[in-house]
Amino acid sequence: MFPRMIIDLSKIRRNSEKLVEELNRRGIDMVGVTKLFMGEPLLARAYLESGAKILADSRHENIIRMKTAGIDGPFMIIRIPPLSHIPMLKENVEYYLVSEPEVALRIDEEVRKAKLIYMVDVGDLREGVMYYEAAEEIEKVKRSLKSASIIGVGTNVGCFGGVLPTKENLERIVNVAKAVDAQIISVGGTVYLTSLEKGELPKEINQMRIGEAALLGTDVTGNREIPYLEQGTVILEAEIIELKTKPSVPEGPIGYDSMGRKPVFEDKGKRLRAIIAAGEQDINPDGLIPLDDGAEVIHSSSDHTIVDVTEVQRPLKVGDVLRFRMNYSATLRAMTSPYVEKVWLK
Ligand SMILES: *Cc1c(COP(=O)(O)O)cnc(C)c1O
């Protein structure tokens, strides 16, 4: 049945092994991030077998899924836990990323000997206490803890503001770590590999939280394929339900599409257009890279995606399958769509 995604676990395992090797050589532990694949136990095992020290996820449901499958972790929750989730986490999670005194204190009350990593915002403007206020806030929280301990400080760039790691923002986290005497400096995600490769990562940094690089071999923030890793780990297969030659620009006045966007089309005359049975509910069309040379994804609505196949050399017919590589956002949506079958190649 289609659509389905084919996930090549052997490629992911090799990526993870390579990353662990590169990181360990520089004294850095790898934290394997499972959230993109919803805490899939096969992936968790592959991370651990390749030498990742900790498994991390943003959702307690995914961590519980791994635990139920017999995976012992240790686990890190990498989204600041909502207060209402702490009861679900306390039996399952060893490491907690925090950024609010209230959250740290509640974990301290409810969880025995929790290990906290206090998040510091070095400029990306997602989670974390601003770096210039961090030492003071962290010291204050430390003094109030009874059972939990702040074992480290952490930071995240790339994911929200698209901020790249720089000498300056790396120095910021190292300075906070020194000021509060933190043993662990945890950075993520994948975009920090560029600092490692350029030799710009301060030697004090000893933990890296990695998902995308292992899972897709790419770095969306740095806009690159990582040359020493494998791509094409995740392939979407979708079936053609209509194949017709039509004009490339719609006829009539243009309003907004089903997603509330104003679509813009380039006039290329009449083109051979395939409709595949997968849409915005299953994938992000901007993140599909056709494996057929010459094919071009044009646009999607909820359940349909139009692909210009005029230049494709092989003969196509209704019922044939088009294949695509997927970027982070397309993979994320397909993984969480119940309509996309998942096939794991071990
Ligand atoms: C998602 C996430 C990561 C992993 O990021 P990738 O870019 O997928 O490697 C690391 N840390 C935190 C806090 C995250 O939310």
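Atoms considered below: every heavy atom in the structure, side chains included; atoms not considered: hydrogens, waters and symmetry mates. Both counts, for ligands and for their atoms, begin at 1 and track the order of listing.
- Nearest to atom 7 (O) of ligand 1 among the protein's heavy atoms is Thr190 N, 3.2 Å.
- Here is the list of ligand 1 atoms found below 4.0 Å of a heavy atom in Ile210: 9 (O).
- In this structure, Lys146 does not pair ionically with Glu109, as no charged nitrogen and carboxylate oxygen lie closer than 4.0 Å.
- Protein heavy atom in closest approach to atom 11 (N) of ligand 1: Arg209 NE, 2.9 Å.
- For Met208, the heavy-atom gap to ligand 1 stays at 4.0 angstrom or more.
- Using a 4.0 Å cut-off to heavy atoms of Ile78, the atoms of ligand 1 that qualify are 2 (C), 12 (C), 13 (C), 14 (C), 15 (O).
- Look at Arg271 and Glu296 and you find no salt bridge, because none of the NZ, NE, NH1 or NH2 atoms lies under 4.0 Å from a carboxylate O.
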Check against side chain to side chain donor-acceptor pair (under 3.5 Å), Glu17 and Ser50: CA-CA 5 Å; Glu17 282 166 359; Ser50 62; 5.9 Å; no
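- Looking at Thr218 and Glu212, their side chains do bring a donor and an acceptor atom within 3.5 Å of each other.
- Using modelled atom types, one finds no donor on one side chain facing an acceptor on the other under 3.5 Å when comparing Thr190 with Asp219.
- Of the protein's non-hydrogen atoms, the one nearest atom 1 (C) of ligand 1 is Lys35 NZ, 1.3 Å.
- In this structure, atom 12 (C) of ligand 1 lies nearest to the protein heavy atom Asn156 OD1, 3.1 Å.
- For the residue pair Glu137 and Tyr118, a side-chain donor N or O sits within less than 3.5 Å of a side-chain acceptor on the partner.
- Those atoms of ligand 1 that come under 4.0 Å of a heavy atom in Gly211, given as number and element, are 4 (C), 6 (P), 8 (O), 9 (O).
- Of all protein heavy atoms, the one closest to atom 8 (O) of ligand 1 is Glu212 N, 2.9 Å.
- Using a 4.0 Å cut-off between heavy atoms, Met119 makes no contact with ligand 1 at all.
- By the 4.0 Å N-to-carboxylate-O rule, Glu171 lies too far from Lys178 to be salt-bridged with it.
- Of the candidates Gly189, Ala213, Gly32, Gly222, it is Gly189 that places a heavy atom closest to atom 5 (O) of ligand 1.
- Between Lys115 and Glu94 there is no salt bridge, since no side-chain N of the basic residue sits under 4.0 Å from a carboxylate O of the acidic one.
- Distances shorter than 4.0 angstrom occur between a heavy atom of Glu127 and an atom of ligand 1.
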